[in-house]
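Heads up, the thing below is written out as structure tokens.
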2 protein chains.
Amino acid sequence: MRQFIVLGHDAPMTSDFSLDDLAGSAGRLDALCRCVNSAFFLSHDFRGDARLFLVLQDELTIRFEGSELRRLNPDERSTAALIRKALEAKSKAIGHMEAESTPGVYVSKRDFEAVLDAASKKATVIELHEDGSPVVDVEPPENPLFVLSDHGDFSDEEAELLAEQSDLRVRLGPKLLHGNHAMTVAHNYLDTEGYADY
Amino acid sequence: MRQFIVLGHDAPMTSDFSLDDLAGSAGRLDALCRCVNSAFFLSHDFRGDARLFLVLQDELTIRFEGSELRRLNPDERSTAALIRKALEAKSKAIGHMEAESTPGVYVSKRDFEAVLDAASKKATVIELHEDGSPVVDVEPPENPLFVLSDHGDFSDEEAELLAEQSDLRVRLGPKLLHGNHAMTVAHNYLDTEGYADY
């Protein structure tokens, strides 16, 4: 199982945003939608073994479960519509319990710490870091969990929590990538068993 | 210089499409917009050494010139708006001459063959192919030109033309990727000098 946690610092917390302004008044939701795309889409295929958590403003979490997703399309607008449906369902999520808004999409009132605790139990937590080891030198773990930020950097608190919990610290290359691009590179690293198997 | 040619088989040829329906009535323009994103965006930076050609229905070509682009944002909708402006300007493009619609965006009445002929002059043409060599075994050329298709496959004619002109045939991994994801992997391969320099 491949897991990704993406932190959305400015993401909307309610469903009253416009699908026509994802990059503006919807708090750069476009960036998170592209992460959903990178997590799951293959050409004429789908990554059923992937799971993505979007953590919104460290308060709400939307989980996308690859093996259960049914209505996901690659474009930003329709993905944002699924996120809007999840936000509409948030009143049904009590405490850390999740509510399913559409097939394979779950919302809960969990912050980054709670999600990281739960997701890391059977996973190898991978921090992407400028000072990390070149990923090509690191053997791919069986159950990797990558933690990424949206268009903004991690807060000091988030970075500290991640550093505490991380099992591996790697770098994907000499350039700093957008979150969705980093996810694509991470998938390719895993697909090829660390650039060994083509 | 890194160049990419992406063939859009169902892309709109006129500007009268809705930005609200990129994945539907606008002929999957969303897929081409994601290719524009992959070509140019870095975290807090921009790939000024990249050039992208979108070939629309083998009739019109829109060139994005990284070193000149000014108004590009990462989201699909605003990118589609730039493409719409390019389509509005197509009457100013006479023969193979280009017209600039917004800074760094040019439209011309060129088909795939004309664009490939022009772009490949000082470039190493790279074909992504299931039977190609693992890209990790191939030394990155100085001026690579990658040719990709949108959500659909190459037509027989396109595949033939590309096979004739290609200098290298590589595979990026064991999974077939969407065009925009393949571009991100290709950039990472080049950024790292073939997975050697991190």
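Below, read A as the first sequence line, B as the second, and so on, with proteins coming before strands; counting in each chain starts at 1. Just so it is clear, the values below take in all heavy atoms, side chains as well, and ignore hydrogens, waters and symmetry mates. Just so it is clear, the model here is predicted, and its values are computed rather than measured.
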Does one hydrophobic cluster hold both Val185(A) and Val138(A), with members joined at side-chain heavy-atom distances below 4.5 Å? yes

Hydrophobic clusters here meaning ILVMFWY residues chained together by side-chain heavy-atom distances under 4.5 Å, can you tell me if Ile5(A) and Leu82(A) are in one? no

Looking at Ala196(B), Ala182(B), Pro174(B), Pro134(B), which one has more heavy-atom pairs under 4.5 Å with chain A than the rest? Pro174(B)

Pairwise side-chain contact, Arg77(B) with Arg77(A), heavy-atom cut-off 4.5 Å (strictly under): yes

Look up atom CE in Met183(A) and atom OG1 in Thr184(B), then write down how far apart they are to the nearest 0.5 Å. 12.0 Å

Please rank Leu172(B), Asn73(B), Asp197(B), Leu22(B) by heavy-atom pairs under 4.5 Å with chain A and give me the top one. Leu172(B)

Contacts table for residues 112-124 of chain B: side-chain donor-acceptor under 3.5 angstrom, sequence neighbours left out:
from	atom 1	to	atom 2	distance (Å)
Asp117(B)	OD1	Gln165(B)	NE2	3.1
Ser120(B)	OG	Leu116(B)	O	2.6
Ser120(B)	OG	Asp117(B)	O	3.3

Please classify the contact between Leu177(A) and chain B as side chain, backbone, both or neither, with a heavy-atom cut-off of under 4.5 Å. both

Around atom NZ of Lys175(A), are there more than 12 heavy atoms of other residues, nucleotides or ligands at under 6.0 Å? no

I'd like to know if Leu148(A) and Val125(A) are part of one continuous hydrophobic network [Ile/Leu/Val/Met/Phe/Trp/Tyr, side-chain heavy atoms within less than 4.5 Å]. no

Under a 4.5 Å side-chain heavy-atom rule over Ile, Leu, Val, Met, Phe, Trp and Tyr, are Leu72(B) and Tyr106(B) clustered together? no

NZ of Lys85(B): more than 12 outside heavy atoms within 6.0 angstrom? no

Are any of the side-chain heavy atoms of Asp153(B) and His44(A) separated by less than 4.5 Å? yes

Joint hydrophobic cluster, Phe4(B) plus Val105(B), side-chain heavy atoms closer than 4.5 Å: yes

Within 6.0 angstrom of Met97(A) CE, more than 12 heavy atoms from elsewhere: no

Highest number of heavy-atom pairs under 4.5 Å with chain B among Asp20(A), Val135(A), Leu176(A) belongs to Asp20(A)

Distance, nearest 0.5 Å, that separates OG1 of Thr192(A) from CZ of Arg171(B): 11.0 Å

Ser78(A): side chain to side chain donor-acceptor pair (under 3.5 Å) partners, not counting sequence neighbours: Asp75(A)

Please check if atom CG in Asp156(A) has more than 12 non-hydrogen atoms from other residues, nucleotides or ligands closer than 6.0 Å. no

How about residues 45-58 of chain A versus chain B: which residues have heavy atoms under 4.5 Å apart? Arg47(A)

Counting heavy-atom pairs under 4.5 Å with chain A, which one of Gly173(B), Pro74(B), Ser133(B) comes out on top? Pro74(B)

Give me the contact list for residues 30-42 of chain A versus chain B, heavy atoms only, anything under 4.5 Å, ordered by residue number. Asp30(A), Arg34(A), Asn37(A), Ser38(A), Phe41(A), Leu42(A)

